[in-house]
Amino acid sequence: GDSVTQTEGLVTLTEGLPVMLNCTYQTIYSNPFLFWYVQHLNESPRLLLKSFTDNKRTEHQGFHATLHKSSSSFHLQKSSAQLSDSALYYCALSNYAQGLTFGLGTRVSVFP
Amino acid sequence: GPKVLQIPSHQIIDMGQMVTLNCDPVSNHLYFYWYKQILGQQMEFLVNFYNGKVMEKSKLFKDQFSVERPDGSYFTLKIQPTALEDSAVYFCASSSGTVFSQNTLYFGAGTRLSVL
């Protein structure tokens, strides 16, 4: 079945440094849709980025990601982390019946 | 942006009791989902619901689970009877169309269920 693998556990970094969270996926569908959701403490998971197009960069709120079907990847990047980026990040794959298949989530903690 | 509300945010009950988790989806949305997240694990699909019917359910959606949305009110997840392994955070989500039609899932903040 479908699966999503992302950078595990906790990523800690200093404010101003770049951040990259890895995401790879497996699916039988030739045209998958990939998503990044972000969840701040005590809030709902909300959509950060989504992509349906191979090799096209998508950006939002300083974050960017490019869907690469050749490597089944959708890594999330930001050039300069801010304190407010501290949150839980989920990579997710569209699933025809189930809506989304999620990765385990990566907790990002940004320190001054 | 669009909001999905979940009530209550935390529920504590004794094993064997019934519990109902309530979800107020985005008003014009047609597709509804429940996901379960055990502490430290990923969110896993339970069930989706469209046009008054369960469309798909996972193996996590045990016989003790049921969902309904009577007359456009809350979309509910009922567990009867509850078991210790039902302790988790349950997320409700809704969308105006299917994900494969490039629609976005909007999530609630979750209900933390603790079964004692």
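Every chain is numbered from 1, with letters handed out A, B, ... down the list of sequences.
Relative ring orientation between B:Phe75 and B:Phe49 is described as tilted, the plane-to-plane angle lying within the 30° to 60° band. Between B:Phe61 and B:Phe65, the ring-plane angle classifies as perpendicular under the 30° and 60° cut-offs.
Only the side chain of B:Phe91 has a heavy atom closer than 4.5 Å to any heavy atom of chain A. For B:Gln42, the parts lying near chain A are the backbone and the side chain together; criterion is any non-hydrogen pair under 4.5 Å. Looking at B:Glu44, neither its backbone nor its side chain comes within 4.5 Å of chain A, counting heavy atoms on both sides. Heavy atoms of B:Met43 lying under 4.5 Å from chain A belong to its backbone as well as its side chain.
Between chain B and the residues A:Leu47, A:Val4, A:Thr101, A:Leu100, the largest count of heavy-atom pairs under 4.5 Å involves A:Leu100.
Applying the 6.0 Å contact sphere to CE of A:Met20 captures more than 12 heavy atoms from other residues, nucleotides or ligands.
The closest side-chain donor-acceptor pair between A:Lys50 and B:Thr104 falls under 3.5 angstrom. Between the side chains of A:Thr27 and A:Asp2, at least one donor N or O sits under 3.5 Å from an acceptor N or O.
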